[in-house]
Structure formats: C-alpha cells, structure tokens
Protein chains: 2
Amino acid sequence: MDHAALDNDALDPLYVQLAAILRGQIERGELTRRVPAVKALAQQYEVAIGTAERALAILKDEGLIATSMGRGTFVVPEDERPK
Amino acid sequence: MDHAALDNDALDPLYVQLAAILRGQIERGELTRRVPAVKALAQQYEVAIGTAERALAILKDEGLIATSMGRGTFVVPEDERPK
DNA sequence: AGTGATTTGTGCGTATGTATG
DNA sequence: CCATACATACGCACAAATCAC
C-alpha cells in the first residue's frame, strides 16, 4: 500500500499517474487539508521533485489543491472547488 | 529587436515573459503557421530549454498553439481558437 | 531580532524516449 | 539509418515566503 504504485512503462507518464493517485485520494476524502510536501511526495513515490511538481500542477490547474509559498499545499474544500 | 528582451529581475518569471512575447506576436499576426522549435527559442532568447517549454505549455493551454511530436509546434488558426 | 529550517517557485543542464520525415 | 523535434524524467541550485525557535 506504500509500494511504488507508479509504473514507468505504463501508458501514462509518471506525473499523470501520480496526479491520478492524489486526485483519487482527494475525491475519496482520504487526503484532506494538507498535501505532503513536494519533496516528501517525490521520496514516497520515488520520482524526481520536478515530476511531483508537475503532478501537483495538474491538480492545481483543476482547482483541487492550492499552493502557498513557504507554507505548503492544501486541498481546496469541496464546496469551493470549480465546476 | 532581437535582444534578449527577457529580464530575469522583472516581476514575471522568464517563462511567463516569453509566453507573453509569443502571444503578442501571434495576436498581431507576426507569427503564423509554424512556431520555432523549442531549442531554437531557447537559444534565441537565451533561456534553458525547460524554460522555453514552459512558455509554450502556457500558450498550448490557452489554445493558441498546438504541438505535434516529431513535427513541430504550430499556431492554431484564429477561427479555431477557443473563447 | 535574527537565524535557520521548511516549502513552494524558478531556472539551468542533461539524458532518454517517441514520433516524424 | 539518421536528423529533427516534442515529451518525459532526473538532478541540482538558488530565490522567496513562511514559520519556529
């Protein structure tokens, strides 16, 4: 349950896979408030920092999360999300 | 008029500045059909390839350009653009 | 009051993969 | 087969903002 979970030979690139994982956690309510730091995500899923950042950029673009420099990354409450 | 044009100490980051330049060229019709290759843009504006890629990613997101692997990057005709 | 740790943001450089021509 | 060009991935460094001490 804390395996790599990411497959470099899969159809989708790593950052898309990671975004999908986190999106699922958010939508299922398994991930609330605070999102682990980029560095932590990178270590946990064994990807480069840049790859984790790209994953977060997707979710940020979707309005699922919001970032604040120096503070961290946070899950946007469901009733404040677009769409 | 082929100076750097980019200022690392400006308010906006380099990739945003570059995106703005290209957006202006497209909107004024100075840039049509083909967009210079990422590598060429990086050399011309003296930025890293990754920085030029980020600039193009913005315009791609806006629907101003479209990329095709192995072929290049192209300006989307005005009547096919979103918005 | 300032110093250091943490965290996001930007930027550079490189290597490799994939598709096209 | 080889050149071109975009896409992904890694690693690193530093800046900027925040926070704890």
Side-chain angles (χ1 to χ4, degrees), chain A residues 3-23 25-26 31-77, chain B residues 3-23 25-26 31-77:
Chain A
H3 293 77
L6 300 185
D7 176 12
N8 200 3
D9 293 331
L11 288 173
D12 288 323
L14 292 180
Y15 69 93
V16 171
Q17 294 177 51
L18 178 52
I21 289 176
L22 297 175
R23 190 185 304 107
Q25 292 178 355
I26 291 173
L31 186 57
T32 54
R33 282 198 239 322
R34 174 147 222 167
V35 178
V38 173
K39 196 176 175 185
L41 286 174
Q43 288 176 347
Q44 179 179 352
Y45 291 95
E46 296 177 326
V47 294
I49 289 181
T51 302
E53 278 172 340
R54 282 179 87 169
L56 293 186
I58 293 177
L59 303 179
K60 190 178 172 183
D61 207 68
E62 294 172 354
L64 282 179
I65 62 174
T67 55
S68 175
M69 232 212 312
R71 291 203 301 136
T73 303
F74 305 89
V75 177
V76 174
Chain B
H3 293 77
L6 299 185
D7 176 12
N8 200 0
D9 292 331
L11 289 172
D12 289 324
L14 292 179
Y15 68 92
V16 171
Q17 292 177 52
L18 178 52
I21 289 176
L22 297 174
R23 189 185 301 109
Q25 292 178 356
I26 291 173
L31 186 57
T32 55
R33 286 198 210 16
R34 178 155 212 144
V35 177
V38 174
K39 198 175 173 184
L41 286 175
Q43 288 176 346
Q44 179 179 352
Y45 290 96
E46 296 179 326
V47 293
I49 289 181
T51 302
E53 277 172 342
R54 274 164 139 183
L56 294 185
I58 292 177
L59 303 178
K60 190 177 174 184
D61 207 70
E62 294 172 355
L64 283 178
I65 63 174
T67 55
S68 175
M69 242 184 41
R71 290 201 302 133
T73 303
F74 305 90
V75 176
V76 174

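Below, chains carry the letters A, B, ... as their sequence lines are ordered, and counting in each starts from 1.
Here the side chains of A:V76 and A:I26 are not in contact, with every heavy-atom distance at 4.5 Å or above. Contact of the B:R33 side chain with the B:V75 side chain is not registered, since no non-hydrogen atoms from C-beta on lie closer than 4.5 Å. Considering only heavy atoms from C-beta on, B:L56 comes within 4.5 Å of B:L22 through its side chain.
Taking B:Q43 as the reference, B:K39 meet the side chain to side chain contact (heavy atoms under 4.5 Å, CB included) condition, with sequence neighbours excluded. Partners of A:Q25 under the side-chain hydrogen bond (donor to acceptor under 3.5 Å, both in side chains) rule, at least two apart in sequence or in another chain, do not exist in this structure. Judged as a side chain to side chain contact (heavy atoms under 4.5 Å, CB included), and not counting sequence neighbours, the contacts of A:R71 are A:S68, A:F74.
In this structure, the separation between CD1 on A:I65 and CD1 on A:I58 is 10.0 Å, given to the nearest 0.5 Å. Interatomic distance, CD of A:Q17 versus CG of A:L11, reported as 9.0 Å (0.5 Å rounding).
Residue B:D7 contributes atom CG, which lies 16 Å from atom P of C:dT10 at whole-angstrom precision. Straight-line distance from the CD atom of A:E53 to the P atom of C:dT10: 9 Å, rounded to whole Å. B:L11 has its CG atom 15 Å from the C1' atom of C:dG9, to the nearest Å. Separating the CZ atom of A:R54 from the P atom of C:dG9 is a distance of 15 Å, rounded to the nearest angstrom. Rounded to whole Å, the distance from CG on B:D9 to P on C:dG11 is 11 Å.
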Assess the residue pair B:L64 and B:R23 against the criterion (side chain to side chain contact (heavy atoms under 4.5 Å, CB included)); give the C-alpha distance rounded to whole Å, side-chain angles, the decisive distance to 0.1 Å, and a yes or no. CA-CA 8 Å; B:L64 283 178; B:R23 189 185 301 109; 3.5 Å; yes
Derivation and outcome, side chain to side chain contact (heavy atoms under 4.5 Å, CB included), residues B:L41 and B:V47: CA-CA 8 Å; B:L41 286 175; B:V47 293; over 6 Å; no
Using side chain to side chain contact (heavy atoms under 4.5 Å, CB included), reason through A:V35 and A:L59 one step at a time and then give a plain yes or no. CA-CA 11 Å; A:V35 178; A:L59 303 179; over 6 Å; no
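Comparing the local axis fitted to the first five base pairs of the helix from C:dG2-D:dC21 to C:dG21-D:dC2 with the one fitted to its last five gives a bend of 10°, rounded to 10°.
Listed by first and then second residue, the salt bridge (charged side-chain N to carboxylate O under 4.0 Å, His left out) pairs that reach into residues 5-19 of chain A come to none, sequence neighbours excluded. Here side chain to side chain donor-acceptor pair (under 3.5 Å) pairs that include residues 49-61 of chain B, with residues two or more places apart or in two chains, are B:K60-B:T67.
DNA chain D is contacted by both A:D12 and A:R71; A:D12 maps to the nucleotide lying nearer its 5′ end (nearest heavy atom per residue).
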Table of protein N/O atoms under 3.5 Å from nucleotides 12-17 of chain C N/O atoms:
{"residue": "C:dC12", "atom": "OP2", "partner": "B:A48", "partner atom": "N", "Å": "2.9"}
{"residue": "C:dC12", "atom": "OP2", "partner": "B:T51", "partner atom": "OG1", "Å": "2.6"}

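Within residues 60-68 of chain A, the residues having any heavy atom under 4.0 Å from DNA chain C are, by residue number, A:K60, A:T67, A:S68.
Dashed line: the shortest gap from a side-chain N or O of B:Y15 to OP1 or OP2 of C:dT10 is under 4.0 Å.
First and last contacts of DNA chain D with chain A, using any nucleotide atom under 4.0 Å from a protein heavy atom and ordered 5' to 3', fall at D:dT8 to D:dC19.
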